[in-house]
Amino acid sequence: MLGDDAGAPPPIKGVCRSASIALRKANLAKETGDEDEELAQLRSFNRTVVSVLRLHPMYARKKQDEEVAGLDAKLPEVHRRMEALGGKVAPPAENISEAAASVAAARLVAGGGKVSLLERRRQSRASSRAGSRAPSAAPSRDASPDRARSSAGTETHTPHYVVTD
């Protein structure tokens, strides 16, 4: 989950909401018997809590809040359920900086490591700039027939007034 501003973290309330929604979807999938969907939503919850919430700059201040503490408390239960469904739970990172580095690397590289997102953005901007330099095929307003005649002096503009008594 990325913030709207480039490089800015998303609001912590939004992160908590995303995690809560994933957990609700997992519970619904469990009730309907859809184990694949349940596992996918549990993974989403785990990833959101471990890789986004716990690395959030406001986490240290907010970890005692009811909502954040509740999500943290559900994590062991989610791990047990993931393992029961056959999913693997990645071991927690040794330290926060290692986890932050792995999250940042995952955000910067997409497509199997072929092209970084930063490079793809740079290429996209370069191609859009190159396309905007091409001359326009549409005629400009100055090339309209009326303006051409009036500027050549062949026809002068006379305002027409309608007077009614």
Side-chain angles (χ1 to χ4, degrees), residues 1-140:
M1 197 172 150
L2 296 175
D4 290 339
D5 297 331
I12 197 163
K13 286 195 174 279
V15 174
C16 291
R17 180 169 163 71
S18 293
S20 297
I21 289 171
L23 195 57
R24 267 190 270 143
K25 286 181 176 180
N27 289 335
L28 181 62
K30 183 178 182 179
E31 290 173 8
T32 60
D34 189 354
E35 291 183 352
D36 292 336
E37 178 65 17
E38 181 185 3
L39 183 58
Q41 293 300 330
L42 291 173
R43 284 182 177 146
S44 176
F45 173 83
N46 181 56
R47 185 175 46 251
T48 302
V49 171
V50 172
S51 300
V52 182
L53 181 63
R54 289 186 174 174
L55 299 177
H56 197 281
M58 295 295 294
Y59 178 74
R61 290 187 204 169
K62 300 282 187 175
K63 68 182 177 181
Q64 301 301 323
D65 286 359
E66 182 180 338
E67 188 176 19
V68 176
L71 293 172
D72 270 336
K74 292 176 183 170
L75 203 55
E77 179 185 335
V78 166
H79 288 171
R80 283 191 294 276
R81 183 64 184 153
M82 286 173 64
E83 289 172 352
L85 291 171
K88 295 181 180 178
V89 179
E94 293 297 320
N95 59 33
I96 291 177
S97 62
E98 179 183 323
S102 68
V103 169
R107 286 181 181 167
L108 288 177
V109 179
K114 296 175 187 171
V115 180
S116 72
L117 292 175
L118 183 62
E119 182 61 29
R120 201 178 309 156
R121 185 178 294 152
R122 189 178 299 130
Q123 291 171 353
S124 173
R125 286 182 182 156
S127 66
S128 68
R129 284 186 197 135
S132 67
R133 291 185 187 141
S136 174
S140 69

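Basis for what follows: all heavy atoms, side chains included, without hydrogens, waters or symmetry-related copies.
Among the candidates V15, L75, L71, the single residue satisfying the side-chain contact (heavy atoms from CB on, under 4.5 Å) test with R54 is L75. Between C16 and the options D65, L53, I21, V52, a side-chain contact (heavy atoms from CB on, under 4.5 Å) holds for only L53.
Put simply, CZ on R81 and CG on N27 are 9.5 Å apart, with the number rounded to the nearest 0.5 Å.
S51 places no side-chain N or O within 3.5 Å of a backbone atom of T48 that could act as its donor or acceptor partner. Judged by distance alone, the side chain of H56 and the main-chain N or O of P10 form a donor-acceptor pair under 3.5 Å.
Nearest heavy-atom pair, F45 versus A19, reported as atom, atom and distance to 0.1 Å: CD1-O, 3.2 Å. For the residue pair M82 and L42, the shortest heavy atom distance occurs at CG-CB, 3.6 Å. In terms of heavy atoms, A69 sits closest to K63 at CB-O, 3.6 Å. Between R17 and E67, the shortest heavy-atom distance links the atoms N-OE2, 4.4 Å. Residues V68 and K62 come closest through the heavy atom pair CB-O, 3.4 Å.
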query: Hey, mind stepping through K25 and L28 against side chain to side chain contact (heavy atoms under 4.5 Å, CB included) and telling me if it holds?
result: CA-CA 5 Å; K25 286 181 176 180; L28 181 62; 5.6 Å; no
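Atom CD of E83 sits in a crowded spot, with more than 12 heavy atoms from other residues, nucleotides or ligands closer than 6.0 Å.
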